[in-house]
There are 4 protein chains.
Amino acid sequence: MPKQKISEKELIWASLKVFRERGYHNTSMADIGAACGLNKGSIYHYFPGKEELMKAVILEMHEHYKQKVFIYAYDERLEPMERLKRLGEFSEKIFLSSNNGCLMGNIALETNSVLPEVSLLIKAFFSDWIAAMAHVFSKKYDEQKALALGKESVAEIEGAVMMMRIFEEQDYLKRAHQRIYQKYGVSETC
Amino acid sequence: MPKQKISEKELIWASLKVFRERGYHNTSMADIGAACGLNKGSIYHYFPGKEELMKAVILEMHEHYKQKVFIYAYDERLEPMERLKRLGEFSEKIFLSSNNGCLMGNIALETNSVLPEVSLLIKAFFSDWIAAMAHVFSKKYDEQKALALGKESVAEIEGAVMMMRIFEEQDYLKRAHQRIYQKYGVSETC
Amino acid sequence: MPKQKISEKELIWASLKVFRERGYHNTSMADIGAACGLNKGSIYHYFPGKEELMKAVILEMHEHYKQKVFIYAYDERLEPMERLKRLGEFSEKIFLSSNNGCLMGNIALETNSVLPEVSLLIKAFFSDWIAAMAHVFSKKYDEQKALALGKESVAEIEGAVMMMRIFEEQDYLKRAHQRIYQKYGVSETC
Amino acid sequence: MPKQKISEKELIWASLKVFRERGYHNTSMADIGAACGLNKGSIYHYFPGKEELMKAVILEMHEHYKQKVFIYAYDERLEPMERLKRLGEFSEKIFLSSNNGCLMGNIALETNSVLPEVSLLIKAFFSDWIAAMAHVFSKKYDEQKALALGKESVAEIEGAVMMMRIFEEQDYLKRAHQRIYQKYGVSETC
DNA sequence: GATGAATGAGACTTCATTCAT
DNA sequence: GATGAATGAAGTCTCATTCAT
C-alpha cells in the first residue's frame with residue numbers, strides 16, 4: 001500500500017463505527033466514505049464491495065477480541081475469577097464506550113437470514129467468545145457445565161447490551177457481569 | 001375487489017414475519033406485497049408508508065403480548081411461580097415457532113439511531129414486559145430488587161433469543177427461563 | 001341521471017376551481033373528488049377520464065362566457081363603448097373573484113404541447129373571445145383593424161391576469177381594461 | 001467518464017427547453033435525462049432534486065436576461081427609444097426562436113399555488129424586467145407613470161407570447177412591441 | 001350510481017458499483 | 001491510488017383507471 005490516503009485498518013475501524021451505529025443496510029458507501037475522508041469510489045480500492053468490507057470489519061473485530069479480551073481466558077498465570085474479571089472489564093470498556101451496542105449483535109440480527117457469509121463469521125466470533133468463557137468455567141466445572149455457563153454468559157452480556165442500547169441505561173451490563181462472576185463464585189460459598 | 005382482499009390484521013401479521021426475518025431496511029414494500037398477495041402499491045391503502053406500517057406491526061405485537069403473555073403476571077389467582085412459568089411458556093411458544101428471533105429485538109437494534117418513533121414504541125414494549133416480570137418478583141422481593149430482576153430477566157431472554165437465532169440452538173431460551181425461575185425460587189432453598 | 005350525488009354541472013364547476021388553482025398535471029382525481037364530495041372512482045360515472053373531464057370543464061367555461069360575457073358584444077341595443085364596458089366588467093368580476101388567474105390561460109400553457117385536444121378547445125374559446133371583441137371594434141374600424149384590436153385586447157387581458165396572479169396586484173386588470181376602452185375611444189378625441 | 005459528460009450549464013439549458021415545452025409537473029427526470037443524453041439518476045449529481053433544478057433553470061434564465069436584455073435599459077449612451085427597441089428585439093429573438101412561449105410565464109402559472117420557492121424566483125425575474133422597462137420610461141415620465149408603463153409593457157408582452165403559443169401566430173409579439181414603442185413616442189406627436 | 005380497494009405504470013430518488021481521468 | 005460522474009437497478013410512493021360489491 002504505497003500512497004493510500006488512509007490505511008486499510010483505518011478504513012475498517014471507521015466503517016465499524018458506522019455499521020454499528022446505522023446497521024448494515026442503512027449504511028451507504030457514501031456514509032463510510034464520509035466517515036473516513038475517502039471518496040465513495042475509493043473504498044473499492046480497499047475492498048471489492050460492501051459485503052466484503054462488512055466481513056473485514058467483523059474479522060478485525062474478532063481478531064481484536066481475540067488479542068485483547070479472549071486472551072485472558074487462557075492466561076494460565078491468572079486465577080479463574082481474575083480471568084473472568086479481566087474478560088468482563090474489557091467487554092465493559094468496549095461496550096460502554098459506544099452508545100450503539102455491540103457490532104456483532106447488531107449486524108447478526110440484520111444479516112442472519114440474508115447474508116450467510118457474514119452470519120458465518122459472526123457465528124465464529126461468538127463461538128470463540130463462548131469457548132473462552134467456557135475455558136474459564138472448566139477450571140471448576142466439567143466440560144458440559146462449563147460450556148453451558150459460557151453460552152449463558154455470552155447470551156446475558158448480549159441481552160444486557162441490547163437493553164443498554166434501547167434504554168440508554170448502563171446498569172444492565174454491570175449487573176450481567178456480576179451475575180457471571182457469581183456463576184463461578186457462588187457455589188464456593190453456597 | 002370491492003372490499004379488502006385481506007384484512008389490516010392479516011397485512012400486519014404478514015409484514016411482521018417479513019420484518020422479523022429480513023429486518024426493516026432490507027424489507028421492501030414489494031417483499032411485503034409478495035408475502036400477502038398484494039401489489040406493493042396497494043399497501044398504501046392500508047398504511048400511509050413503510051414506517052407507519054412498521055409502527056402498526058410493533059403496536060400489534062405489543063398488544064398481542066399484553067393479552068396473551070403479560071396478562072399472566074397480573075393474574076392474582078395464580079401463584080407467583082406459576083405466573084413466571086406461564087410467562088415463560090408463552091414466550092417460548094412464540095420465539096420457538098420462528099427461526100428469526102424476536103421482532104422487537106431485531107428491529108430495535110436496526111432502528112435505534114435512525115427511526116426515533118419506532119424506537120419509542122419498542123421501548124414501551126420492553127418497559128411493559130419488564131414491568132410484568134417485576135410485578136411477579138415483587139411478590140417476594142422489594143420494589144427495587146423486583147425491578148432489577150425484571151430487567152435482567154428480559155435481558156436474558158433477549159440475549160438467549162439472539163443466540164438462538166445465530167446458532168439455531170433452542171436450548172438457550174429454555175435455560176434462560178430456568179434461570180429466571182431460579183431467581184424466584186433459589187433464595188427459598190439457599 | 002336518476003340518483004347522482006351531485007349534478008354533472010356541479011362536478012364540472014368544482015373541478016374547474018381545482019384545475020385553475022393546481023393546474024392539470026398537478027391535480028389528481030382524488031383532489032377533484034375531495035373538492036366535490038365524491039369518491040375518486042365515482043368521477044368515472046360522469047366522465048370517461050381526466051382529460052375528458054378537463055375538456056368538459058373548458059367547454060362549460062366557454063359556454064358560460066358565451067352566454068354571460070361575449071353576448072354583450074353582439075347586443076345591438078347597446079352602444080359599442082357600452083358593450084366593451086360590459087365585457088370588461090364581467091371579465092373583471094370573474095378574474096378578480098379568484099386568486100388563481102384564468103383557467104383557460106393556466107391550462108393552455110400547460111397542455112399546449114402535450115394534450116392537443118384540450119389545446120384545440122382552448123383555442124376555440126380564445127377565438128370566440130377575440131371575435132367578440134373584434135365585432136365591437138368593427139363598429140368603428142375596418143375588419144382587419146378590428147380583428148387586430150380584438151387580438152391585442154384579449155392578449156392584454158391575459159397578460160394582465162398572469163401578472164395579477166404572480167404579483168397579487170389587482171391593478172393590472174383594471175388598467176388593461178382602461179387601455180382597451182381607449183383603443184375604442186381615444187381616436188375620437190385625438 | 002471521469003469528468004462531467006455535460007456541463008451544468010448544458011444541463012440547465014437542456015432542462016429549460018423541456019420545462020418550457022412540457023411544463024414542470026409533466027416533465028420527468030427521465031425526460032430531462034433523454035434531452036441531454038444522461039441517465040435520469042445522473043441528474044442528481046448536478047442538482048439535488050427536480051425543484052432545485054427548476055430553480056437553477058429560472059436563475060439562469062434570469063441572469064441571461066439581465067446580461068443580454070435588461071442591460072440595454074441602463075445603457076446611458078443610448079436614446080430611450082433606442083433602448084426600448086433593443087429590449088424588444090432581444091425579447092423577440094428569444095421568444096420567436098421557440099414555439100413554446102416564455103419559460104417564466106409557463107412555469108409561473110403552474111407553480112404559483114404549489115411551489116412557493118419557485119414562484120418567488122419568477123416574481124424576482126418579472127420585477128427586474130418591469131424595473132428595466134420602467135427605467136426607460138422614467139426618462140420621459142414621472143416615477144409612478146413610468147412604473148405603470150413598465151408593468152403594462154411586460155404584461156402585454158407576456159399576454160402576446162401566450163397568444164402566440166396558442167395560435168402559433170407570430171404577429172402578436174411584434175404588435176405588442178409596437179404598442180410599447182408608442183407608449184414612449186405617442187405623446188410626442190399627439 | 002357510489003364506493004374504495006386493487007392495479008400497474010411511472011414518478012422521484014438512492015445507491016452499490018464501474019471506470020475514465 | 002484517488003476521484004467522482006455515470007449507470008441501472010431498485011426503493012418508496014403516487015395516481016389514473018378498473019371493477020366487485
Side-chain angles (χ1 to χ4, degrees), chain A residues 1-8 25-33 37-53, chain B residues 1-8 11 25-33 36-53, chain C residues 1-8 25-33 37-53, chain D residues 1-8 11 25-33 36-53:
Chain A
M1 34 197 130
K3 323 174 208 173
Q4 289 180 140
K5 222 173 145 183
I6 61 169
S7 72
E8 195 179 291
H25 290 101
N26 195 44
T27 293
S28 71
M29 296 304 262
D31 291 332
I32 291 168
L38 224 47
N39 191 284
K40 205 167 55 152
S42 306
I43 299 167
Y44 290 84
H45 290 294
Y46 296 76
F47 295 99
K50 188 180 174 185
E51 186 172 343
E52 295 302 319
L53 172 56
Chain B
M1 300 90 190
K3 277 303 152 60
Q4 295 182 135
K5 219 168 148 183
I6 60 170
S7 71
E8 195 179 293
L11 171 54
H25 291 100
N26 193 46
T27 293
S28 72
M29 295 307 260
D31 291 333
I32 291 169
C36 63
L38 233 42
N39 190 290
K40 71 187 160 162
S42 305
I43 299 166
Y44 292 86
H45 286 287
Y46 295 78
F47 294 98
K50 187 180 172 183
E51 186 172 343
E52 294 302 318
L53 173 56
Chain C
M1 32 199 130
K3 324 176 208 177
Q4 290 181 138
K5 223 172 142 183
I6 60 170
S7 72
E8 199 180 289
H25 290 101
N26 195 43
T27 293
S28 70
M29 294 305 262
D31 291 333
I32 291 168
L38 224 47
N39 192 284
K40 203 167 57 153
S42 306
I43 299 166
Y44 290 84
H45 290 294
Y46 296 76
F47 295 99
K50 189 181 174 183
E51 187 173 343
E52 295 302 319
L53 172 56
Chain D
M1 301 88 191
K3 277 305 153 61
Q4 295 181 137
K5 220 169 149 184
I6 61 170
S7 72
E8 196 179 292
L11 170 54
H25 291 100
N26 194 44
T27 293
S28 72
M29 295 306 262
D31 291 333
I32 291 168
C36 63
L38 232 43
N39 189 289
K40 70 186 157 161
S42 306
I43 299 165
Y44 291 85
H45 287 287
Y46 295 77
F47 294 98
K50 188 181 172 183
E51 186 172 343
E52 294 302 319
L53 172 55

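So you know, we letter chains A, B, ... as the sequences are listed, proteins then strands, and number each from 1. Below, all heavy atoms of this structure are taken into account, side chains as well, without hydrogens, waters or symmetry copies. From a predicted model like this one, the values you see are computed outputs, not experimental measurements.
- The CD atom of C:E8 sits 12 Å away from the P atom of E:dG1 (whole-angstrom rounding).
- Between the side chain of C:K5 and the backbone N or O of C:G37, at least one donor-acceptor pair lies under 3.5 Å.
- The residue among B:I6 and A:S28 whose nearest nucleotide of DNA chain E lies closer to the 5′ end is B:I6.
- When the P atom of F:dA6 is taken as reference, atom CE of D:M29 falls 13 Å away, rounded to whole Å.
- Remark: DNA chain F forms stems of 3 or more consecutive Watson-Crick or G-U wobble pairs, all pair distances under 3.5 Å, at E:2-21 with F:2-21.
- In terms of modelled atom types and a separation under 3.5 Å, the side chain of B:Y46 and the main chain of B:I6 share a donor-acceptor contact.
- The side chain to side chain contact (heavy atoms under 4.5 Å, CB included) test applied to C:Y44 returns C:M29, not counting sequence neighbours.
- What separates NZ of D:K5 from C1' of E:dT18 is a distance of 14 Å, to the nearest Å.
- Residues of residues 36-46 of chain D having a heavy atom closer than 4.0 Å to DNA chain F, listed by number: D:L38, D:N39, D:K40, D:G41, D:S42, D:H45, D:Y46.
- With D:K40 contributing its side chain and D:S28 its backbone, the two residues share no donor-acceptor pair below 3.5 Å.
- In this view, D:E52 and D:P48, D:K55 satisfy the side chain to side chain contact (heavy atoms under 4.5 Å, CB included) rule, not counting sequence neighbours.
- Rounding to the nearest 0.5 Å places CG of B:L11 at 7.0 Å from CG of B:L38.
- Note: CZ (A:F47) to C1' (E:dT17) measures 16 Å, nearest angstrom.
- Interatomic distance, D:L53 CG to D:I32 CD1, rounded to the nearest 0.5 Å: 5.0 Å.
- With rounding to whole Å, B:N26 atom CG is found 13 Å from F:dA10 atom P.
- Whole-Å rounding puts the D:E51 CD to E:dT13 C1' distance at 14 Å.
- Whole-Å rounding puts the B:Q4 CD to F:dC19 C1' distance at 16 Å.
- Side-chain proximity of A:K50 to the nucleotides E:dA5, F:dC13, E:dA16 is greatest for E:dA16.
- In this structure, the NE2 atom of B:H25 is 13 Å from the C1' atom of E:dT14, given to the nearest Å.
- Mapping C:G49 and B:D31 onto DNA chain F by nearest heavy atom places B:D31 closer to the 5' end of the strand.
- Residues meeting the side chain to side chain contact (heavy atoms under 4.5 Å, CB included) test with C:N39, sequence neighbours left out: C:S42.
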